[in-house]
Amino acid sequence: MPILEVKTLSMHFGGLAAVSNLNLTIQEGEIRGIIGPNGAGKTTLFNVISGVYRPTSGQILYRNGEHIGGLTSSKIAKMGIIRTFQRTAIYHEFTVLQNVTAARHLHGRVSIVSVFTGARKKIEKENIEKASEIVAFMGLSHLENELAVNLPHGHQRALGVAIALACEPSVLLLDEPLTGMTPTEKVHMIELIRKVHQQGITILMVEHDMRSVMELCNYISVLDFGTLLVEGTPAEIQNDENVINAYLGTEDIISGQTSS
């Protein structure tokens, strides 16, 4: 059963079609890679799915065919579709634990009744405990009380994923999770993404590092000028002439480098 479907989806900005008649079917439990040259429409696709943009036309269906295209980002997030961004969205003057706890608050629902009954204190305690568990899961326990601004880049990216996990996603959209990382940091992040996936979370990943995409994803969709160029397994994509041409050379795909 698909957990997410995109049907004839288009997103226009004036006369520019950033996404055009796109069809994607994401099965529950997979890690789907979304790749393509700069300007292919990858981030726009994520923005439409997550509610940042209202689609110009087409449908986005979630779980049992529920239409979510055009819903607000907050409503889509509460339904379980959570995204990260190319630039890590964290509160730099908060500690690691405070960042993840804040995400729990944004996702949670505290009624006015709970304020007067004292249940709010219990919820607060549970949020902190759950946040601490997520911090530990992401391997950041030793930095729990460190200000986010002081973290090295790789740990900031890991914190961004921890914040997303605090919102209890069923589908996690990772927008270039490996960007700017050293080789050692990339290896660590790949291990973390696998750990997240093992929790039963479906992952869509936009990423330019082809070697990592081929290593992580079990299926890949290639976009080019806002349309679907080709789909397939990593082995099929790696040897597809259309993909090779889109990336301007065989070595780009095989060596893990990109032209964009």
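Computed from heavy atoms alone, side chains included, the values below leave out hydrogens, waters and symmetry copies. Remember, it's a predicted structure, so these values are computed and weren't measured experimentally. Here, residue 1 is the first one in the sequence, and each next residue gets the next number.
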Less than 4.5 Å apart, any side-chain heavy atom of T95 and any of E146? no
Run the numbers on L151 and V96 for side chain to side chain contact (heavy atoms under 4.5 Å, CB included), then give the verdict. CA-CA 9 Å; L151 299 179; V96 168; 3.7 Å; yes
Hey, what do you get for CD1 (I193) to NZ (K186), rounding to the nearest 0.5 Å? 11.5 Å
Take atom CZ in R54; do more than 12 heavy atoms of anything else shown fall under 6.0 Å from it? no
Using only atom types and a distance under 3.5 Å, with no angle test, would you say the side chain of K42 pairs donor to acceptor with the backbone of P37? yes
For the CG atom of D240 and the CG atom of N245, what is their distance to the nearest 0.5 Å? 9.0 Å
Keeping T44 on the side-chain end and A18 on the backbone end, is there a donor-acceptor pair under 3.5 Å? no
In short, P177 meets M189 closest at the heavy-atom pair O-CG, 4.1 Å
Indicate if L228 and L61 have the same hydrophobic cluster label, given that clusters are the connected sets of ILVMFWY residues with side-chain heavy-atom separations under 4.5 angstrom. no
Using a 3.5 Å distance criterion without hydrogens, assess whether the side chain of S10 forms a donor-acceptor pair with backbone atoms of N21. yes
Measure the shortest side-chain to side-chain distance between N47 and R83 over non-hydrogen atoms and say whether it is less than 4.5 angstrom. yes
Restricting to non-hydrogen atoms, name the atom on T84 and the atom on A164 that form the minimum distance, rounded to 0.1 Å. CG2-CB, 4.0 Å
Using every non-hydrogen atom in the two residues, find where R104 and A131 come nearest and quote the distance to one decimal. CG-CB, 4.4 Å
Please report the shortest heavy-atom distance between C217 and M205, naming the atom on each side. SG-CE, 3.8 Å
When rounded to the nearest 0.5 angstrom, what is the spacing between OG in S20 and CG in L223? 11.5 Å
If every non-hydrogen atom of A148 is compared with every non-hydrogen atom of I90, which pair is closest and at what distance? CB-CD1, 3.7 Å
Treating H12 as the side-chain partner and S57 as the backbone partner, does any N or O pair qualify as donor plus acceptor under 3.5 Å? no
Please check if I68 and V171 belong to a single hydrophobic cluster, counting links between Ile, Leu, Val, Met, Phe, Trp and Tyr side chain heavy atoms closer than 4.5 Å. yes
Could you check whether any side-chain heavy atom of V230 comes within less than 4.5 Å of a side-chain heavy atom of I237, counting everything from C-beta outward? yes
Is V135 reachable from I128 through a run of I, L, V, M, F, W or Y residues, each pair having side-chain heavy atoms under 4.5 Å apart? yes
A side-chain contact here means heavy atoms from C-beta on lying under 4.5 Å apart; do I31 and R194 qualify? no
Determine whether Y62 and I76 make a side-chain contact, defined as any pair of heavy atoms from C-beta on separated by less than 4.5 Å. no
Short question: side chain of S73, backbone of G51 - any donor-acceptor pair under 3.5 Å? yes
Should we say atom CZ of F225 is surrounded by more than 12 heavy atoms from elsewhere, each under 6.0 Å from it? no
Check for me, please, whether V52 and L9 land in the same ILVMFWY cluster - side-chain distances under 4.5 Å, paths through other members count. yes
Working to the nearest 0.5 angstrom, can you tell me the gap between I220 CD1 and T233 OG1? 7.5 Å
For T8, is there any backbone N or O sitting under 3.5 Å from a side-chain donor or acceptor partner on N23? yes
Kindly give the heavy-atom pair with the smallest separation between T25 and Q27, and that separation in Å. CG2-NE2, 3.6 Å
Indicate yes or no for a side-chain donor-acceptor contact from E207 to the backbone of D209 under 3.5 Å, with no hydrogens or angles considered. yes
Taking atom NE2 of H208 and atom CG of L178, what is their separation to the nearest 0.5 Å? 11.5 Å
So do V6 and Q59 actually touch side chain to side chain, heavy atoms under 4.5 Å? no
State whether the side chain of D175 and the backbone N or O of V206 hold a donor-acceptor pair below 3.5 Å, judged by distance alone. no
Side chain to side chain contact (heavy atoms under 4.5 Å, CB included), that's the test. Do L159 and V100 meet it? Break it down for me. CA-CA 8 Å; L159 176 56; V100 182; 3.8 Å; yes
Mind checking whether M79 and L4 sit in one hydrophobic cluster, side chains of I, L, V, M, F, W, Y counted as touching below 4.5 Å? yes
Side chains of I60 and L71: closer than 4.5 Å at any heavy-atom pair? no
Nearest-0.5 Å distance, CD of residue Q199 to CD of residue E168: 12.5 Å
Compare all side-chain heavy atoms of L24 with those of R32 and state whether any distance is below 4.5 angstrom. yes
Checking H92 against L147 for the side chain to side chain contact (heavy atoms under 4.5 Å, CB included) test, could you report, in this order, the C-alpha distance in whole Å, the side-chain angles of both residues, the deciding distance, and whether it holds? CA-CA 7 Å; H92 286 91; L147 292 179; over 6 Å; no
Distance-only polar pair, side chains of T182 and T184, donor-acceptor under 3.5 Å: no
For atom CD of E241, decide whether the heavy atoms of other residues, nucleotides or ligands shown that lie under 6.0 angstrom number more than 12. no
Take atom NZ of K195 as the centre, draw a 6.0 Å sphere, and report whether it contains more than 12 heavy atoms from other residues, nucleotides or ligands. yes
